[in-house]
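Structure first, then comments.
Because the structure is a prediction, the values reported are computed rather than measured.
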Amino acid sequence: MTEFLAEAIGTMILIILGAGVVAGVELKKSKAAGAGWVVVTIGWGLGVTMGVYAAGNVSEAHLNPAVTLGFAVIGEFPWAKVPAYISGQLIGAIIGAIIVYFQYLPHWRETEDKGAKLGVFATGPAVRSYPANLVSEIIGTFVLVVGLLFIGANEFTEGLNPAVVGLLIVAIGMSLGGPTGYAINPARDLGPRIAHAILPIIGKGGSDWSYAPIPVIGPIIGGVYGALFYNALFQGSMGVGFWVMSIVIAVIMGTALTNELKKGNHSVVSKSAS
C-alpha cells in the first residue's frame with residue numbers, strides 16, 4: 001500500500017466515524033438523536049484512533065494537512081511527500097462523507113433543519129465572528145500538534161499511541177470545541193463540505209462557503225505554529241519562522257479582541273438607548 005492510499009483510507013475512516021456520530025446525534029429519527037456533545041467528541045476521538053490504526057504502519061497516519069505541514073516546517077517530514085499526503089487526506093475525507101450520506105439515506109428527508117444537515121459534513125461557529133472563530137481554530141490545532149509531539153516524545157506500550165491520540169481529540173473537543181465545532185483539520189472540513197455541495201441531499205441548504213476558509217486557514221496556522229513552538233521551547237531551535245508566526249498570531253488575536261470589544265460597546269450603547 002502506498003502512503004497516499006494509507007492517508008486516504010485513514011482519513012476516510014476518521015470521517016465515517018466522526019461525521020457518522022454527528023449524523024446520528026443530529027438527524028431526525030436516528031436512534032442516537034439528541035445524544036449530545038459528549039457523544040460527538042467521543043465519536044470523533046474513536047474515529048481518529050481507528051484511522052491512525054489503519055494508516056499508521058504505512059504513512060504514520062497524519063490524516064490532517066495541518067499536521068503534515070507542521071511536521072514539514074520543522075524538518076520532521078519531507079516536503080516532497082506533502083502534496084501526496086494532503087491530496088490523499090482530502091480525497092479520503094470526501095469519500096468518507098459520501099459513505100455517511102448513504103448510511104443515513106432515509107434520515108435526510110426526515111430532517112427539516114438545513115443547518116443540522118450541513119453540520120453532519122462541515123463545522124460552523126456557535127457565534128459567527130470570523131476573527132474570533134479563526135483564533136479558536138488556531139488554538140485548537142496548536143494544542144493538537146503540540147500534543148502529538150508530546151505524545152511522540154514519550155514511550156508507550158506498542159500499539160497504544162493511536163488510543164492516546166484519540167483521547168487528545170476528545171479532550172480538545174470537550175475543552176475547546178464549543179466555539180466552532182473544532183475542525184482542527186482542513187481536510188476534515190473541506191472534503192465533507194465539498195461532498196455536501198455535490199450530493200443530492202433532500203432539502204439541503206447552502207454549504208456556507210463564506211465560512212469555509214476559517215477551518216482551513218486557522219488549522220494550518222495553528223498546526224505550523226504548534227510545531228514551531230515545540231521546536232523552539234523543547235528542542236532549542238528558535239528560528240525566524242517562530243518569531244514571524246508569533247507576530248502573525250498576535251496580530252490575529254489583537255484583531256479578534258478589538259472586534260469583540262467594539263461589538264460589546266455597540267451592544268451596551270444600543271441597550272442604553274432603548
Side-chain angles (χ1 to χ4, degrees), residues 14-15 17-26 32 34-52 61-67 70-71 119-154 156 160-189 192 211 214-230 233-234 245-246 249-250 252-254 256-257 259-260:
L14 183 160
I15 296 298
L17 297 178
V21 73
V22 178
V25 169
E26 292 294 330
W37 184 247
V38 172
V39 170
V40 169
T41 58
I42 292 173
W44 274 109
L46 293 173
V48 170
T49 296
M50 296 312 300
V52 173
H62 292 182
L63 315 185
N64 184 340
V67 173
F71 285 8
V120 171
F121 296 89
T123 61
V127 177
R128 190 169 294 258
S129 179
Y130 290 164
N133 302 150
L134 183 65
V135 169
S136 292
E137 286 294 333
I138 290 172
I139 292 173
T141 317
F142 169 85
V143 173
L144 170 65
V145 171
V146 171
L148 291 174
L149 290 165
F150 287 159
I151 291 168
N154 289 273
F156 292 92
L160 187 60
N161 271 35
V164 178
V165 172
L167 289 174
L168 174 62
I169 299 299
V170 174
I172 293 172
M174 289 185 177
S175 301
L176 305 174
T180 61
Y182 82 125
I184 61 173
N185 181 339
R188 169 265 174 275
D189 191 274
Y211 180 74
I214 300 298
V216 173
I217 297 171
I220 290 173
I221 294 173
V224 169
Y225 188 63
L228 290 170
F229 178 88
Y230 180 88
L233 271 67
F234 293 90
M245 288 300 296
S246 296
I249 290 174
I252 293 171
M253 295 179 79
L257 176 60
N259 186 56
E260 292 306 310

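Listed by chain and number, the residues in a side chain to side chain contact (heavy atoms under 4.5 Å, CB included) with Ala35 are Val25, Val39 (sequence neighbours excluded). Taking the side-chain hydrogen bond (donor to acceptor under 3.5 Å, both in side chains) definition, one finds that Asn133 meets it with nothing, sequence neighbours left out. For the side chain to side chain contact (heavy atoms under 4.5 Å, CB included) test, residues two or more places apart in sequence or in another chain that qualify with Ala19 are Ile15, Val100. Taking Phe71 as the reference, His62 meet the ring-ring contact (aromatic ring centres under 6.0 Å, His included) condition, with sequence neighbours excluded. Applying the side chain to side chain contact (heavy atoms under 4.5 Å, CB included) criterion to Leu167, with sequence neighbours excluded, gives no partner residue. Under the rule for a side chain to side chain contact (heavy atoms under 4.5 Å, CB included), the partners of Phe142 that lie at least two apart in sequence or sit in another chain are Val146, Tyr225, Phe229.
In this structure the side chain of Thr141 never reaches within 4.5 angstrom of the side chain of Ile172, judged on heavy atoms. Counting heavy atoms from C-beta outward, Leu148 and Val67 have side chains that approach closer than 4.5 Å. Looking only at side-chain heavy atoms (C-beta outward), Leu17 and Val21 stay at 4.5 Å or farther from each other. Contact check for Glu26 versus Val40: no side-chain heavy atoms found under the 4.5 Å cut-off.
Listed for the Asp189 side chain is no donor-acceptor partner under 3.5 Å among the backbone atoms of Ala122.
When the shell of 6.0 Å around CE of Met253 is examined, it contains 12 or fewer heavy atoms from other residues, nucleotides or ligands.
Contact record, Leu63 with Asn185: O-ND2, 2.9 Å, taken as the closest heavy-atom pair. Counting all heavy atoms, side chain and backbone alike, Pro186 lies closest to Pro219 at CD-CB, 3.7 Å. Across every non-hydrogen atom of Phe121 and Pro192, the tightest pair is O-CB, 2.8 Å. Of all heavy-atom pairs between Glu260 and Ala132, the closest is OE2-CB, 4.1 Å. Listed here is the closest heavy atom pair of Pro215 and Ala183: CB-CB, 3.6 Å. Counting all heavy atoms, side chain and backbone alike, Leu149 lies closest to Ala227 at CD1-CA, 3.9 Å.
Atom CE of Met245 and atom CG of Leu228 lie 7.0 Å apart (nearest 0.5 Å). Atoms OG and CG, on Ser129 and Leu134 in that order, are 10.5 Å from each other to the nearest 0.5 Å. For the atom pair Met50 CE and Leu14 CG, the distance stands at 11.5 Å (nearest 0.5 Å). A distance of 4.0 Å separates CZ of Phe234 from CZ of Phe150, quoted to the nearest 0.5 Å.
Just one residue in the list Ile252, Ile221, Thr180, Ile249 forms a side chain to side chain contact (heavy atoms under 4.5 Å, CB included) with Val135, and that residue is Ile252.
For residues 122-138, the salt bridge (charged side-chain N to carboxylate O under 4.0 Å, His left out) pairs, not counting sequence neighbours, are Arg128-Asp208.
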Enumerate donor-acceptor pairs with a distance under 3.5 Å from any side-chain N or O in residues 42-49 to protein atoms, sequence neighbours excluded.
from  : atom 1 : to     : atom 2 : distance (Å)
Thr49 : OG1    : Gly45  : O      : 3.0
Thr49 : OG1    : Pro162 : O      : 3.2

- Task: Could you walk me through whether Tyr130 and Asn259 pass side-chain contact (heavy atoms from CB on, under 4.5 Å), step by step?
- Result: CA-CA 10 Å; Tyr130 290 164; Asn259 186 56; over 6 Å; no
